[in-house]
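In what follows, chains are A, B, ... by sequence order, proteins preceding strands, each numbered from 1.
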Amino acid sequence: MDLNFTPEERAFREEARRFFRTEVPEKIRRKVEEGHHLSKEDIVTSQRILNARGWAVPAWPREWGGQDWSPAQMYLYQDEMQQANVPSPLPFNVSMVGPVIAEFANEEQKRRFLPATANLDIWWCQGFSEPGAGSDLASLRTSARRVGDKYIVNGQKTWTTLAQHADWIFNLVRTDPSAKKQEGISFLLIDMKTHGIKVRPIQTIDGGHEVNEVFFDDVEVPAENLVGEENKGWDYAKFLLGHERTGIARVGISKARIKRIKELAALERIGGRPLIEDQHFREKLAAVEIELKALEMTQLRVVADERKRERGKPNPASSILKLKGSVIQQLTTELLMEVVGPHAMPYQPSEEGRNEPIIGPEYATEAAPTYFNYRKVSIYGGSNEIQRNIVAKAILGL
Amino acid sequence: MDLNFTPEERAFREEARRFFRTEVPEKIRRKVEEGHHLSKEDIVTSQRILNARGWAVPAWPREWGGQDWSPAQMYLYQDEMQQANVPSPLPFNVSMVGPVIAEFANEEQKRRFLPATANLDIWWCQGFSEPGAGSDLASLRTSARRVGDKYIVNGQKTWTTLAQHADWIFNLVRTDPSAKKQEGISFLLIDMKTHGIKVRPIQTIDGGHEVNEVFFDDVEVPAENLVGEENKGWDYAKFLLGHERTGIARVGISKARIKRIKELAALERIGGRPLIEDQHFREKLAAVEIELKALEMTQLRVVADERKRERGKPNPASSILKLKGSVIQQLTTELLMEVVGPHAMPYQPSEEGRNEPIIGPEYATEAAPTYFNYRKVSIYGGSNEIQRNIVAKAILGL
Amino acid sequence: MDFDLTDEQRLLKDSVDRLITERYDFESRNKYRAEPEGWSRALWEQYAELGLLGLPFPESYGGFGGGPVETMIVMEAFGRGLAVEPYFATVVLGGGLIHQAGSEEQKSALLPQIASGEALLAFAHVERQSRYDLANVTTRAHRADGGWRINGEKSIVLHGDVADQLIVSARTSGSPSDRAGIGLFLVDAKDVTRRGYPLQDGLRAAEVKLDDARAEPLSNPEGALSVAEQVVDAAIGALCAEAVGVMQSMHELTLDYLKTRRQFGRPIGDFQALQHRAVDMYVALEQARSMALFATMMAAEEDPAERRRAITAAKAQIGRSGRHIGQEAIQLHGGIGMTMEYKVGHAFKRMTMIDIMFGDAGAHTEELARLGGLFGT
Amino acid sequence: MDFDLTDEQRLLKDSVDRLITERYDFESRNKYRAEPEGWSRALWEQYAELGLLGLPFPESYGGFGGGPVETMIVMEAFGRGLAVEPYFATVVLGGGLIHQAGSEEQKSALLPQIASGEALLAFAHVERQSRYDLANVTTRAHRADGGWRINGEKSIVLHGDVADQLIVSARTSGSPSDRAGIGLFLVDAKDVTRRGYPLQDGLRAAEVKLDDARAEPLSNPEGALSVAEQVVDAAIGALCAEAVGVMQSMHELTLDYLKTRRQFGRPIGDFQALQHRAVDMYVALEQARSMALFATMMAAEEDPAERRRAITAAKAQIGRSGRHIGQEAIQLHGGIGMTMEYKVGHAFKRMTMIDIMFGDAGAHTEELARLGGLFGT
């Protein structure tokens, strides 16, 4: 047992830090730091810079651009990326559909999709959730009827993140309506430009537009877009959901926000003194920092354990990372709200080319929207209630 | 709506305050304040003083010593009693068996038991819980078989508080083994001196001896000791459990402990200053005080509502008082631990006539045992989980 | 001690509750917000007709002589509907300041206008550096031409975009955080530069610039802080009542959702873990309701230290309960709770802003600690 | 970074775990506590045979050259069994102080005796007014007859009732809270007056009175505070590991109980609300385990400020997790958890005392806040 990073690992950390902080444009990273929404272009730009260095899809198989990094390297890569406020490579591409294609698709599909997916030439969105299903994902009803060499898709997906930017959607569809719940589901890739697809934005309480409803009305999809076998889609979905869950703790993001909280708390004055000198405020912050440090160590333990696990078998301990990670992220957004105080009140959506001056200090504009927006992190990707069910069953045997 | 006490109510409060603080011996009240165990004699002495004034059983029917007080008076009586560190009249007598006898027993039983119960000439204990039942009270198995003019009782009760002092026990027994759960239960009064009863002490983690197991081995009980009708005992038990639940918030006790915390925090020094001047400590305390004030107001609302409810029908809102009241009581014991710091560590059970000097400050000796002991307040009398089930069903309709 | 409403209060409650039920469903609210000023002038007239706009003023000024209990009844109903009209700014704060600090003449001139719906008011006290401290005032007033002029900038003036008159806190002497040397001044909105904008919760505010603006003092121009504090304390009590309405609405929406939303073949309200969390929300709601009552009871308390202790405790409880209930309401709704298409998210945002206004739960807990707490001192 | 144990560490862990499983069931523990000294001399010999008593000392002093990881392995196992022997007092604290502060001669004399089980040590640092501050020392040492003498009183000296030698912190100059002027002294137990007593968790301690007691300085008699702090920081790391063992035991007992206890016709572990709470306990346990690892990793860190930040963060996490898990363990057990007849209550009490030792979670959070936190500074 050696709980310190090796010299090689420390060197890798330095390399990653330098790369992220010099190669990814400051302008994009500042937006992330300040909590502003990123444009499609920002995300594409950043991912292509990473991909040019081979760092967009390090967890993929080597032949498709992966890096064969050790768990510790993988961790350092994520941590430095998040602390440098570099946007994570699009998770729908990198952590979701990419690994599924690499594992289950045929060679033709791999060649067609993987390089473009790594370079964000194709922007993917995820067609899993449906209005009637919620946490009970397998009760989905969107149907795909096989007619000749096509599927005819009908139904509705929801909570589809950034569908407005997407070129393709990877979809769970019901291909055998007579089979029971988890059976009869297939994994289908659909070009968003196909006739019959309609995207309707859902405005969220932070004022942003991150998620959408996607409607399928007799959408014709070539049968060659089926991944793997028909009616085996649920297996691929489970593989996808269990893939590379260690990033979900988002420790680096919370570290970056704590740094920002401390900087801003040095600017805000309360009773004539900077807020950061207020012992009560510092203790609240310290309590979160302690939990975050513990989470980081927990993440490292899960990461180290991953080497020993069968690939693609999710480690149920990753549910802990989700549970605690989401709560800590949310706490940091609350602390940021507390720092800016009344300045959090004006609603000033960030717009490119805004004319009017900002009301109050510029650093305060995103505090409330970020707090509102981050309520989602304990809901999406399997709500914290679902995570508790998983841990109760898979780890505690209850 | 008038949210202030009337002049009459304020005068009553003054009267109660004066009575409790002058008539009940200081020695007994100091023991309560400092968290020491009371002797049987202390409890009897105190209750007889109250009873002499007609204040031991104010909630009983007038003809048996009740006072017909308004809910506000009832509240003020309890609050002043608790704040003066006067031991509450024995709840098994005053709030449990007394009201059941007054409501359901025959005249002969009332005359025989009520005055003696009010004056604590009879000390009652409660024979409800059984080892196999826990929160599922109605699954009790202690049997009472009718033979001629007697019942033959066999079985075991547990968590019987202060059975070691008791003269009589009021018992739920199964008289019809073929009936389903809640039916076939009867309410039986049993003299603790009867042959075949054995009391075994249970030592609790605070080192105290408050609870016991009680074994019944072919115990013969005169049939005249049955209260009400055979097999209707569950109704009487429900009446009992719903009776006068507003005291369970124990607001006055928490107030008294907060007062004590403030006094002791002025004595303990940390970093050269009294702990009470530490802003962080004061805030933790203030947070509890706020919840306690809210609970007091909630209790007053429940009290006021009681006038409008059918007598003996429990107000499910009293579950809130139990839930929040128990948590606040427990928090105050934690704060007291924090005040005394390392002085909480030595184990020094209070004994009459101890010879050796106290280790550390005398005020610290009961901090840890009280903290340990108070874990029970969210368990007994229907655990907080059971209270949540009740509120979910009875108030929220879930 | 008596928690029953009088017949008049019951009548008032019935009529306000009916108004909110009938006119303030979620779709209507969206319509009101889409109106040019961000709220409904038509409803404002109806409030006037119902006597709500003059409710807390003496009858001699066209009011109805209501007290804190009446205000509580109205504010709680407004909270349930998430009402967006400038009632709090105009009647509670503005009217309260005129009523408590104004001269006979000012009261006679303005209170009837408020009561009739003709005049809208706003209280301009926040400054960029002031956070939650009413005494932290750098805007300055000076005498000129037998009157007063004010220079400075005020921020986040609630409904300052539509107010006809502003009540401005300004310093006549002393340095930024001195308690002495603060006056309250009436300023005609035409004499200031203002920029209106929406707040996070859909209500509106304005940045106000005073450039030698003509001003008329309310009360003593050298020492108006304590009367401002008194009115603000009462206003916090009203805000607590509104918050209880908001929380109750969130809790009811959550219960409805738990009972109707089905997953895994049954209503999600069948799941015990969710039931227990709904119960904890309910306990938090009842604790908040209790403290709103306490604040109402103490709003008119004459001893300012006693009053402040009570108000600050109530605001802290409201903030904590509101945060707990709001966060849980969103969580138990799941994704739908995150959308603008559903009421609960709007309630969550309103609750979040109420927590911030006049100091969040943390700030008030800190203040109460400094004041020595509530018990045994 | 590598969380795997080496082969030697795995061997150590297996043998300690086996010892605890076989010799430290709850009934055995009760027997050990009933022995005259409150713990088992027979087991102590077995610890010596297994090499546990010399584990952290260099081989040249009869030890096994173990580091913080080895100590962690042993302490965690002791935590699971709620071991009552004076390992922490003698080996971790006493041995640590001798090892870090002692002269060559002192080390050669004492460490082998500790390793063989012949000598028991105790660290006498708490005073009535000192709370958790190692620098708050009023006990005084002065030179006499070419040696040193100590006068003063020490409180809650862990296992001070059985120690052969006491290590006493005493002031050679300066006033009560000065960092300078503190020495560490070896005092023979025969030269002090002591009174032994049980602690709340069943371990034992003593009040110690030094009346011109003969003393031999360890290290520099004028400036031993920083070495004492270093040893205490490492000891806190060991205590964190013990706490993890205690917590794990409470969590396992609770899981067993949830799976076997039946109510309303099914195991209570079927109730989702209880499942979710067991999960939250598990998360708290894993967070604590992580911070115990962090403390272990940082126990030998040379920069005292970095070390202190890590140790204080770990102790705070341990205290919070331990309180949460302990309280929930009792609650989920119900009445049985409140009795001395069942292990979980004893674990709860041990955990409570560990939280207090060297400062509770609140005190450490406060200290970390003063030190500027962990990130981004």
Side-chain angles (χ1 to χ4, degrees), chain A residues 1-6 9 70-72 75-76 83 254-263 276 279-305 308 317 319-320 323-324 327 385 387-393 395-398, chain D residues 1-6 9 68-70 72-73 251 254-255 258-259 267 269-272 274-284 286-294 296-298 309-310 312-314 316-317 320-321 361-362 364-377:
Chain A
M1 183 178 282
D2 181 355
L3 301 177
N4 297 296
F5 287 112
T6 62
E9 287 162 350
S70 70
Y75 162 78
L76 292 169
Q83 285 201 71
S254 290
K255 282 185 193 170
R257 191 168 297 107
I258 283 173
K259 180 160 169 286
R260 184 165 160 80
I261 287 168
K262 289 183 176 177
E263 286 165 1
I276 192 67
Q279 178 67 11
H280 177 65
F281 178 77
R282 288 168 75 133
E283 277 181 44
K284 272 199 279 194
L285 191 56
V288 176
E289 290 182 73
I290 293 166
E291 288 282 359
L292 180 60
K293 186 75 211 178
L295 182 67
E296 181 173 34
M297 293 297 297
T298 305
Q299 169 158 334
L300 285 166
R301 290 167 50 215
V302 173
V303 162
D305 182 63
K308 300 174 205 155
S319 289
I320 299 177
L323 275 171
K324 202 77 203 182
V327 169
E385 290 70 39
Q387 304 297 338
R388 284 194 180 87
N389 289 345
I390 291 171
V391 175
K393 197 170 162 198
I395 301 184
L396 307 187
L398 288 171
Chain D
M1 165 93 24
D2 166 19
F3 289 92
D4 293 338
L5 299 179
T6 63
Q9 289 167 341
V69 173
E70 282 73 16
M72 176 185 80
I73 289 169
H251 190 240
T254 305
L255 285 181
L258 289 176
K259 287 172 190 175
D270 277 6
F271 290 97
Q272 195 197 27
L274 305 193
Q275 289 179 356
H276 282 200
R277 285 165 67 177
V279 169
D280 288 342
M281 289 168 75
Y282 180 69
V283 173
E286 291 306 313
Q287 289 284 87
R289 192 189 302 282
S290 289
M291 286 307 264
L293 279 167
F294 183 53
T296 300
M297 183 162 89
M298 299 293 284
R309 256 207 272 268
T312 209
Q317 177 72 53
R320 282 205 302 195
S321 283
H364 280 284
T365 307
E366 193 162 353
E367 179 170 352
L368 183 64
R370 262 189 285 111
L371 298 173
L374 289 166
F375 296 108
T377 44

Identify which part of [X] has an atom lying under 4.5 Å from any heavy atom of chain D, answering side chain, backbone, both or neither.
| X | answer |
| --- | --- |
| A:Gln83 | neither |
| A:Ile258 | side chain |
| A:Leu323 | side chain |
| A:Glu263 | neither |
| A:Glu9 | side chain |
| A:Ile395 | side chain |

Quick check on [X] against chain A: is it the side chain, the backbone, both or neither that has a heavy atom closer than 4.5 Å?
| X | result |
| --- | --- |
| D:Gln9 | side chain |
| D:Arg320 | side chain |
| D:Met281 | neither |
| D:Tyr282 | side chain |
| D:His364 | neither |

Closest-packed option against chain A by number of heavy-atom pairs under 4.5 Å, given D:Val69, D:Thr6, D:Leu274, D:Leu293: D:Leu293
[atom1]-[atom2] distance between [X] and [Y], expressed to the nearest 0.5 angstrom:
| X | Y | atom1 | atom2 | answer |
| --- | --- | --- | --- | --- |
| D:Met72 | D:Thr296 | CE | OG1 | 5.0 Å |
| A:Phe281 | A:Ile261 | CZ | CD1 | 6.0 Å |
| A:Asp305 | D:Asp4 | CG | CG | 9.0 Å |

Which residues satisfy the side-chain hydrogen bond (donor to acceptor under 3.5 Å, both in side chains) test with A:Arg260, sequence neighbours excluded? none
For A:Arg388, all residues meeting side-chain hydrogen bond (donor to acceptor under 3.5 Å, both in side chains), sequence neighbours excluded: D:Asp280
Whether over 12 other heavy atoms sit under 6.0 Å from A:Lys259 NZ: no
Identify which of [options] forms the greatest number of heavy-atom pairs closer than 4.5 Å to chain D.
| options | value |
| --- | --- |
| A:Lys393, A:Lys255, A:Arg301 | A:Arg301 |
| A:Lys324, A:Lys284, A:Lys293 | A:Lys293 |
| A:Ala304, A:Ser70, A:Ala287 | A:Ala287 |

Show the nearest heavy-atom pair for residues A:Ala286 and D:Thr365, with the distance to one decimal. CB-O, 4.1 Å
Is there a donor-acceptor contact under 3.5 Å linking the side chains of D:Gln287 and D:Gln317? no
Looking at side-chain heavy atoms only, is the closest gap between A:Asn389 and D:Gln272 below 4.5 Å? yes
A:Glu289 (side chain) donor-acceptor with D:Leu374 (main chain) under 3.5 angstrom: yes
